[in-house]
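Remarks on the structure that follows.
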Protein chains: 2
Amino acid sequence: MDDQELFALFRKNGYKVTAQRLAIYKFILTRGDHPTADQIYQELKTDYPTLSLGTIYKTLHTLKELGLIQELGFNEGSKRYDPDMELHINMVCTKCGTIYDYKAENVKKMWNTILSDLRTKPKGQRIDIYYECDDCK
Amino acid sequence: MDDQELFALFRKNGYKVTAQRLAIYKFILTRGDHPTADQIYQELKTDYPTLSLGTIYKTLHTLKELGLIQELGFNEGSKRYDPDMELHINMVCTKCGTIYDYKAENVKKMWNTILSDLRTKPKGQRIDIYYECDDCK
DNA sequence: GTAACTGCAAACGCTTTGCACTCCC
DNA sequence: GGGAGTGCAAAGCGTTTGCAGTTAC
């Protein structure tokens, strides 16, 4: 999605285009792992010294509302924000908490089989695999 | 698992067998949905008037430690506690929050296929499907 | 008897909310 | 110009922690 499409999506839904919203969304996009609200805050406050955590939370809800990101609650600590809206597996390191997305054809096939067994059409899904990453071993 | 095995499991790991622990674990077992800490508290305080939320949280951690239950963090509200430790899909209603476990043989087969593609051996997994249940439609 | 557990209350951390000021359109 | 957005601080809520009294073994 280019900037023009993004701007149009905001405005079509009655949201204004602001520097903070763009910065937060682009930051999430560039990070492969799925940052927490505070990680976003820590990284962006250098460039945007007046930025507040409150704004970050409000923006994250807006982005979720627009279908641009997914919110993931975990057992410990904070929620994570994932800009990949397609079917994928969240590979979660149980030690350092880093997450990366795993996509494979097999997963899509499995998912389609499962869905065809269900009577209802789901609104969304989430698949996590918990493991220990190479850095933590 | 019968009571004797359960008692033995507690004691083998240095935990004492108490009325509260048994009541909390059995309550989770009998509920098909995955209750929150507060739901457990509300239901059990009639039979155990002195029971406190603090004890419930401590017990839930103990049960998790023993591998008897799984803790599931969600986007909104509280964590849920699931006594099914085998591979299954959590069917989560996005309106009322009720969860039931969905088990299918073909899921296991496909899951093993996916796992064999990974280099690492995972420590656990979680699969959620979000939908709208019949009562909420 | 003693180490572990319970119950209570206070503390904690993440997230949300309210409100005055500011900015996009 | 006006309504939406931001920044700040206070409040909210689920969960954790500390400690004195109690219980399992």
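As the structure is a computational prediction, the values presented were derived from the model and not from experiment. Numbered from 1 within each chain, the chains take letters A, B, ... in sequence-line order. Computation of the quantities below employed the complete heavy-atom set of this structure, encompassing side-chain atoms and omitting hydrogens, waters and symmetry-equivalent molecules.
- Atom pair A:N75:CG and D:dG14:C1' shows a separation of 14 Å (rounding to whole Å applied).
- Taking atom CG of residue B:D38 and atom P of nucleotide D:dT15, one finds them 9 Å apart after rounding to whole Å.
- Between the side chain of A:E5 and the main chain of A:D2, a donor-acceptor pair closer than 3.5 Å is present.
- Judged purely by atom type and a 3.5 angstrom limit, B:T59 uses its side chain to pair as donor or acceptor with the backbone of B:T55.
- Put simply, CD on A:E76 is 13 Å from P on D:dT17, counting in whole angstrom units.
- Each of A:H34, A:K103, A:Q70 was checked for a side chain to side chain donor-acceptor pair (under 3.5 Å) with A:D84, and the lone residue meeting it is A:K103.
- For DNA chain D, the residues of residues 39-62 of chain B within the heavy-atom distance limit of 4.0 Å (strictly under) are B:Y57, B:K58, B:H61, sorted by number.
- Remark: the backbone N or O of B:K16 is paired with a side-chain donor or acceptor of B:R21 at under 3.5 angstrom.
- Contact check on B:R126 versus B:D128 returns a salt bridge, with a Lys/Arg side-chain nitrogen under 4.0 Å from an Asp/Glu carboxylate oxygen.
- Note: CZ (A:F7) to P (D:dA4) measures 20 Å, nearest angstrom.
- Checking each of B:K64, B:Q39, B:E71 against B:Y81 for a side chain to side chain donor-acceptor pair (under 3.5 Å) leaves exactly one that passes, namely B:E71.
- Hydrophobic clustering keeps A:M85 apart from A:L115 (ILVMFWY residues linked when any side-chain heavy atoms are closer than 4.5 Å, directly or through intermediates).
- Within residues 8-26 of chain A, the residues approached by DNA chain D to less than 4.0 Å at the level of any non-hydrogen atom are A:Y15, A:K16, A:T18, A:Q20, A:R21, in residue-number order.
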**Item:** Verdict with supporting geometry, A:M110 and B:I114, side chain to side chain contact (heavy atoms under 4.5 Å, CB included)
**Value:** CA-CA 9 Å; A:M110 170 187 88; B:I114 292 172; 3.6 Å; yes
